[in-house]
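First up is the structure itself, then whatever we jot down about it.
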Amino acid sequence: MADRIQPRTLKGFRDFLPEAELQREAVFETARTVFRSYGFVPIDTPALEYTEILMGKGSDETDKQLYRFTDNGGRDVAMRFDLTVPLARYAAQHIGELGTPFKRYHIGSVWRGENTQRGRYREFMQCDFDTIGTESVVSDIETALVIHDLLTALGIERFTVRINNRRLLNGLLEARGLTDQATGVLRSLDKLDKVGPDAVRSDLVATVGIPESDANALVDLAALSGGSDILDQVDVGDSELGARGIDELRQFMAGVEAAGVEPGRIVLDMGIARGLDYYTGTVYETVLDDLPDIGSVCSGGRYDDLASLYTNQRLPGVGASLGVDRLLAALEELSPESSARTSAPVLMTLFDDSRRSEHLAVVAGLRRAGVGVELYPEARKLGAQLKYGDRRGHTLAVIIGDTEWDDETAQIKVLATGDSHVVDQDELADACRRLLGDA
RNA sequence: GUGGCCGUAGCUCAGUCUGGUUAGAGCGCCGGGUUGUGAUCCCGGAGGCCGCGGGUUCAAAUCCCGUCGGCCACCCCA
């Protein structure tokens, strides 16, 4: 007897049981609906790219996290670690056919060879949406509005979209003559929420090596968050870049307000920096108020020169990415009650194999009438079938036995309450629809 | 990638420190409580290479090493 192969999955890679996958697909559906309501169109790109396309586009970290290998034809290839870099390549390659501005969404898996943690995997799904080919602040505003609509549509009440602007940050550093230390400073400031102002202050002085006065000023500044009024406290000196950043944020917040977003949902936060080097303007980060530790569930920003790596044509863009798996991990934690494990609301019971064909006919009729129904495949005892229906989350059970066949009726049982309704068979579909509507 | 904690039935865990009879519980699952009505109750049952491999020992779920996987911190990020 040969040894069996142990069924197992790679670290950071997961299987999805129906209950989880139904939830994931529901999120994708919601995302698609919201994206399309803003005129975004779907695209797809290969999972595998030439390594040179992906290398050096994020940070040093993303290079290290690349799943990279030589394919059977000797090509140096890598799996995409996000959907933005492939978009840049895609746009450079096809922009002539696409025209600008081009708004696309892209739902797909990405791979990062990093260590796993809760809500953090090596293979995970992103729902990206980007607008490229325009520098208009309208697109920056819409990006925030999409994030807002998306989370709202997903039934999330308590979240905050935090906004900052790279130009403002860089201008700020420029005014203080700290441009060379920008990366270190921003990285350090990014940790403000986590380690607190004192730790960041000493880190800035000791590790990054900037003067204490600057460190103090920057930490105070990074702690600012709120409406556009906080911009009055931001001093960018005579930096043109910084002034432009402030101006952009003012226009941004005015637009968000005009769109009628509830105050407090989208706020400025001077502590948001974002790690990816390619952001140049507005940056976005979204935290769930009830679960801030899990990190951002939707982030992004404006990048004004990403596609320049592949083409002479200037392709500015702005967009963000919804982390479906992280979001679902969060939702799971916030409301762990189990959801339905079926995709059809109605269960048709069967307890007489000799009437199989008649059942199949009734069930087919229900489906033609638009009622999703699952026919129990075996003539097991009725109690077991009802139990199955209840456990799976079916809303209704339809029972047709000898009695019902004789007078051409059907019994509809509402599983949650146990209520039974007897209706004529030719009214079954209408009755089901009515009961499902009530439920 | 570095460091820490963990890995026992489908699920949540007890037992591990102080090695020693047939490894337990709850939930779930299956069957029964008479032949067409579940989610409550009663009775019964199935199900465990104690993650995997090696070592120490008369004897290992229990001690040691390795490995795979999970969680956490750093780092970074969805």
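It should be emphasised that the depicted structure is a prediction, and the values quoted were computed from it without experimental measurement. Letters go in sequence order (proteins before strands), and every chain restarts at 1.
Atom name P, nucleotides B:rA61 and B:rC42: the rounded distance is 35 Å, in whole Å. The C1' atoms of B:rU67 and B:rG7 are separated by 13 Å, rounded to the nearest whole Å. Spacing of C1' atoms, B:rG33 relative to B:rU12, comes out at 30 Å, to the nearest Å. Nucleotides B:rG48 and B:rU56 have their C1' atoms positioned 26 Å apart, rounded to a whole Å. If you take atom P in B:rC50 and the same atom in B:rA23, they sit 11 Å apart, rounded to whole Å. B:rA59 and B:rG54 have their P atoms separated by 15 Å, with the value rounded to a whole Å. The P atoms of B:rC52 and B:rU57 are separated by 23 Å, rounded to the nearest whole Å. Comparing the C1' positions of B:rC27 and B:rG66 gives a spacing of 36 Å, expressed to the nearest Å.
A straight line from CG of A:Leu66 to P of B:rC76 spans 17 Å, rounded to a whole angstrom. Between the P atom of B:rC76 and the CG atom of A:Leu186 lies a distance of 12 Å, rounded to the nearest Å. Between the C1' atom of B:rC77 and the CZ atom of A:Phe81 lies a distance of 11 Å, rounded to the nearest Å. Nucleotide B:rA78 holds its C1' atom 14 Å from the CD1 atom of A:Ile107, rounded to whole Å. In this structure, the CZ atom of A:Arg68 is 16 Å from the P atom of B:rG1, given to the nearest Å. One atom, CZ of A:Arg392, and another, C1' of B:rG28, lie 13 Å apart when rounded to the nearest Å. Between the CG atom of A:Leu288 and the C1' atom of B:rA78 there is a distance of 12 Å, given to the nearest Å. Atom-to-atom, CG of A:Asp203 to P of B:rC74 comes out at 13 Å; the value is rounded to the nearest Å.
Here A:Gly12 lies in heavy-atom contact (under 4.0 Å) with sugar-phosphate atoms only. Within the nucleic acid shown, A:Cys298 comes within 4.0 Å of sugar-phosphate atoms alone, with no base atom in reach, counting heavy atoms only. Across all strands, A:Asn115 comes closer than 4.0 Å to base atoms (heavy-atom distances). Within 4.0 Å (heavy atoms only), A:Gly119 reaches at least one base atom of the nucleic acid.
Judged by distance alone, with hydrogens and angles left aside, A:Arg120 brings no side-chain donor or acceptor close enough to the base of B:rA78 to form a pair under 3.5 Å.
When distances are taken from the side chain of A:Glu114 to each of B:rC68, B:rU2, B:rC76, the shortest belongs to B:rC76. Comparing atom distances between the A:Lys11 side chain and each of B:rG69, B:rA78, B:rC76 picks out B:rG69 as nearest. Of the candidates B:rC76, B:rA78, B:rU2, the closest approach to any side-chain atom of A:Gln65 belongs to B:rC76.
Side chain to side chain, A:Ser296 and A:Glu285 fail the donor-acceptor criterion of an N or O pair below 3.5 Å. Donor-acceptor pairing under 3.5 Å is recorded for the side chains of A:Asp128 and A:Thr84. Side chain to side chain, A:Tyr279 and A:Asn164 fail the donor-acceptor criterion of an N or O pair below 3.5 Å.
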Notebook entry, point to check: Stepwise, does the side-chain contact (heavy atoms from CB on, under 4.5 Å) test hold for A:Leu322 with A:Val27?
Noted result: CA-CA 10 Å; A:Leu322 177 74; A:Val27 171; 4.2 Å; yes

Next item on the list: Please step through side-chain contact (heavy atoms from CB on, under 4.5 Å) for the pair A:Leu375 and A:Val362, ending with a clear verdict.
Entry: CA-CA 10 Å; A:Leu375 174 62; A:Val362 171; over 6 Å; no

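With both pairing distances under 3.5 Å, B:rC71 is matched to B:rG4 as a Watson-Crick or G-U wobble pair. Base-pair partner of B:rC27: B:rG10 (Watson-Crick or G-U wobble, both distances under 3.5 Å). In this structure B:rC58 sits in a base pair with B:rG20, meeting the Watson-Crick or G-U test at under 3.5 Å.
Ring-plane geometry between A:Phe129 and A:Phe35 is classed as tilted, the angle between the planes lying from 30 to 60 degrees on a 0 to 90 degree scale. Ring geometry for A:Tyr38 against A:Phe40 counts as tilted: the plane angle lies between 30° and 60°, on a 0 to 90° scale.
For B:rC72, the OP1/OP2 oxygens have a side-chain nitrogen or oxygen of A:Arg118 closer than 4.0 Å. OP1 or OP2 of B:rC77 has not a single side-chain nitrogen or oxygen of A:Arg326 nearer than 4.0 Å. Between A:Thr116 and B:rG69 there is no side-chain N or O to OP1 or OP2 distance below 4.0 Å.
In this structure, A:Glu142 pairs ionically with A:Lys103, as a charged nitrogen and a carboxylate oxygen lie closer than 4.0 Å.
The environment of CG in A:Asp353 is crowded: more than 12 heavy-atom neighbours from other residues, nucleotides or ligands sit within 6.0 Å. Taking a 6.0 Å sphere around CD of A:Glu29, one finds it holds more than 12 heavy atoms contributed by other residues, nucleotides or ligands.
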Check: Where along nucleotides 31-52 of chain B does protein come under 4.0 Å, by heavy atom, of base (B) or sugar-phosphate alone (S), with - for untouched nucleotides?
Finding: SS---BBBB-------------

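Residue whose closest nucleotide on RNA chain B sits further toward the 5' end, between A:Leu327 and A:Leu10: A:Leu10.
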